[in-house]
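Letters go in sequence order (proteins before strands), and every chain restarts at 1. Note that the structure is predicted; figures quoted are calculated from it, not measured.
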2 protein chains.
Amino acid sequence: MTEQLEQFLTLTIKATQQDLDIILSCFKLEMVKKNDILLNDNETCKHVFFVSSGSIRAFFIDEKGNEATRYIAFENEFITILNSFITQTKSKEFLQATENGQILAISYDDFRQLLYILPIWKDLYIKQLEIAYTTNAWRLESFIKMDAKERFDYLFETNPRVIQRLSNKIVANYLGITQESLSRLKGKK
Amino acid sequence: MTEQLEQFLTLTIKATQQDLDIILSCFKLEMVKKNDILLNDNETCKHVFFVSSGSIRAFFIDEKGNEATRYIAFENEFITILNSFITQTKSKEFLQATENGQILAISYDDFRQLLYILPIWKDLYIKQLEIAYTTNAWRLESFIKMDAKERFDYLFETNPRVIQRLSNKIVANYLGITQESLSRLKGKK
DNA sequence: CTTAAACATTGACAAATGTTAAAAAATCAT
DNA sequence: ATGATTTTTTAACATTTGTCAATGTTTAAG
């Protein structure tokens, strides 16, 4: 049930079995179904989630009432609403399962506790922040310099799972365009 | 000459005077003039820079030969090409002074050394990564859900320095649009 | 001060994307 | 399986943004 996370940790950091046991004991398994909401707008984000299987997205709803997907986490990735989690203030975003799957959750208190007692956890946190930042920077790049078609092709190259496994609706609002535009784009291949 | 960084550190982390002295001794002052290149495309980024005065941008050049500005650091902000710096591999981006100013540089080796010997430096690094991630996430939001006019207004609200102090050319390519579009946008106010 | 270079604005037109509506296709719950 | 719901595609049209070219303005070097 936590084997996947254990394997991920083993590959990512040099932890002793004791470290691993402490870390794994902090995570709680949750089975989620597609469309389940893990965090609502205006709630404080109290967990970091590790995706064992399936996928989770972070999205918000803009003034016009449209959904906009900011990030999608697949297997072996962490997701949270970092700003809300760090400061324990209300989130502007939602967290939602985009597929049926298993996730592991660690609470804010346990997370803080691990930072305090396990140096290796701090190192993992730094590594994950670096990855998250870099991923975001690439995504930003794609918006600054590419048009919709180019962003679609780039997504297909760098993260085809988004296109292969999720609905056009979500793919479109992850790319920052309408479903209709996406539909046309795919025709223009 | 390093007073500004010292003050910034004092406000950001709880460091002893000894910690501060060690940290400050790693930074080297550089005077930069507008348009000076601090890092070229295809070079390995060997420093993290702290902006004491002026501003520094990270930008890249796309296939069509257009510049696209991904990030701009002003006073009391750090800037580097994180990916290149962490992995000590070639950068796809440039670093350039966008105003005359003073910056403080810390080398990769000293940075690593501080991470190793000063717990407080690790904490500062985490804090800066969190800030960088959050800032990026907001910027991403603006691209996903807003059109150019809205992005401009949002930028004016959240970081007017960009508009007030830098050329239209840079503002435009920071917003992901052409100079001409920006010019029209400003008229439509 | 003068001139060349860089930057900013404007207009005409083209291309990309959004909007609205409808129909076709896929999915889901019974 | 069947009907209802959701998702995807298509089309016509509106709006936004890009491209190109010309002109005005500012900046910087000599």
Side-chain angles (χ1 to χ4, degrees), chain A residues 32-37 54-55 57 59 61-69 72 96-101 142-156 162-189, chain B residues 32-37 54-55 57 59 61-69 72 94 96-101 141-156 162-189:
Chain A
V32 294
K33 307 198 81 158
K34 185 173 174 177
N35 296 329
D36 280 359
I37 295 290
S55 53
R57 69 171 176 145
F59 74 98
I61 297 184
D62 67 21
E63 324 74 51
K64 297 154 205 146
N66 299 317
E67 292 182 3
T69 298
I72 305 168
Q96 181 185 42
T98 37
E99 297 173 298
N100 296 338
S142 79
F143 276 99
I144 304 172
K145 71 174 175 192
M146 297 177 188
D147 65 21
K149 178 71 166 64
E150 292 169 323
R151 287 203 298 281
F152 178 80
D153 293 342
Y154 178 72
L155 180 60
F156 189 79
V162 175
I163 295 165
Q164 287 158 354
R165 289 161 48 176
L166 306 183
S167 70
N168 270 6
K169 195 174 162 183
I170 292 178
V171 175
N173 76 52
Y174 182 73
L175 288 172
I177 58 179
T178 60
Q179 293 179 60
E180 294 89 339
S181 291
L182 177 56
S183 215
R184 268 177 301 204
L185 246 48
K186 298 206 294 190
K188 239 196 289 181
K189 259 288 169 58
Chain B
V32 293
K33 308 199 81 156
K34 187 174 174 176
N35 298 329
D36 280 359
I37 296 289
S55 53
R57 70 170 177 146
F59 73 99
I61 296 184
D62 68 23
E63 324 73 52
K64 298 155 206 149
N66 299 318
E67 292 182 3
T69 298
I72 305 167
F94 297 77
Q96 180 184 42
T98 36
E99 297 174 298
N100 297 338
E141 255 191 58
S142 79
F143 277 98
I144 304 172
K145 70 175 177 191
M146 298 178 188
D147 65 21
K149 177 70 165 66
E150 291 169 323
R151 288 204 297 282
F152 178 80
D153 292 342
Y154 178 72
L155 180 60
F156 190 79
V162 175
I163 296 165
Q164 286 158 355
R165 287 161 48 177
L166 306 183
S167 71
N168 270 9
K169 193 175 163 180
I170 291 178
V171 174
N173 77 52
Y174 182 72
L175 288 172
I177 57 177
T178 60
Q179 289 179 65
E180 293 91 334
S181 292
L182 177 56
S183 216
R184 269 175 298 205
L185 245 49
K186 299 206 293 190
K188 239 198 287 182
K189 258 289 168 57

To the nearest Å, give me how far apart NZ (B/K34) and P (D/dT27) are. 8 Å
Side chain of A/D147 (C-beta onward), nearest among C/dA16, D/dT9, C/dC7: C/dA16
What's the NZ-P distance between A/K64 and D/dT16, to the nearest Å? 11 Å
Backbone of A/G65 reached by a side-chain donor or acceptor of A/D62 within 3.5 Å: yes
What's the CZ-C1' distance between B/F143 and C/dT17, to the nearest Å? 16 Å
Say you draw a straight line from CG of B/N173 to CG of B/L182; how long is it, rounded to the nearest 0.5 Å? 10.0 Å
Go through B/L185 and B/I177 one step at a time and tell me if the side chain to side chain contact (heavy atoms under 4.5 Å, CB included) criterion holds. CA-CA 10 Å; B/L185 245 49; B/I177 57 177; 3.8 Å; yes
Nucleotide C/dA8, atom P - distance to CZ of B/F152 in whole Å: 12 Å
Salt bridge (charged side-chain N to carboxylate O under 4.0 Å, His left out) partners of residues 163-177 of chain A, not counting sequence neighbours, each pair once: A/E75-A/R165, A/E99-A/R165
Taken to the nearest whole Å, CG/B/N35 to P/C/dA6 is 11 Å
Using a strict heavy-atom distance below 4.0 Å, which residues from residues 170-181 of chain B are in contact with DNA chain D? B/G176, B/I177, B/T178, B/E180, B/S181
Picking from D/dT7, D/dT17, D/dT9, which would you name as closest to the side chain of A/K186? D/dT9
Separation of atom CD in B/E150 from atom P in D/dT15, rounded to whole Å: 16 Å
Would you mind reading off the bend of the helix from C/dC1-D/dG30 to C/dT30-D/dA1 from its two end axes, five pairs each, to 10 degrees? 60°
For atom CD of B/E67 and atom C1' of C/dA6, their distance in whole Å: 13 Å
Using side-chain hydrogen bond (donor to acceptor under 3.5 Å, both in side chains) as the criterion, list what pairs up with B/Q96, not counting sequence neighbours. B/R57
Just checking B/S167: base, sugar-phosphate only, or nothing, at a heavy-atom cut-off of under 4.0 Å? sugar-phosphate
Could you check whether the side chain of B/R184 and the base of D/dG18 have a donor-acceptor pair of N or O atoms closer than 3.5 Å, going by distance alone? yes
Whether the side chain of B/N168 engages the backbone of B/Q179 through a donor-acceptor N/O pair (distance < 3.5 Å, no angle test) should be reported. no
Would A/I163 and A/L155 count as a side chain to side chain contact (heavy atoms under 4.5 Å, CB included) if you check the C-alpha gap in whole Å, the side-chain angles of each, and the deciding distance to 0.1 Å? CA-CA 8 Å; A/I163 295 165; A/L155 180 60; 4.0 Å; yes
Just to verify, what does A/K64 make a salt bridge (Lys or Arg N to Asp or Glu O under 4.0 Å) with, not counting sequence neighbours? B/E150
What is the distance, rounded to the nearest whole Å, between atom CG of B/N168 and atom C1' of C/dT9? 9 Å
Partners passing side-chain contact (heavy atoms from CB on, under 4.5 Å) against B/E180 (at least two apart in sequence or in another chain): B/T178, B/R184
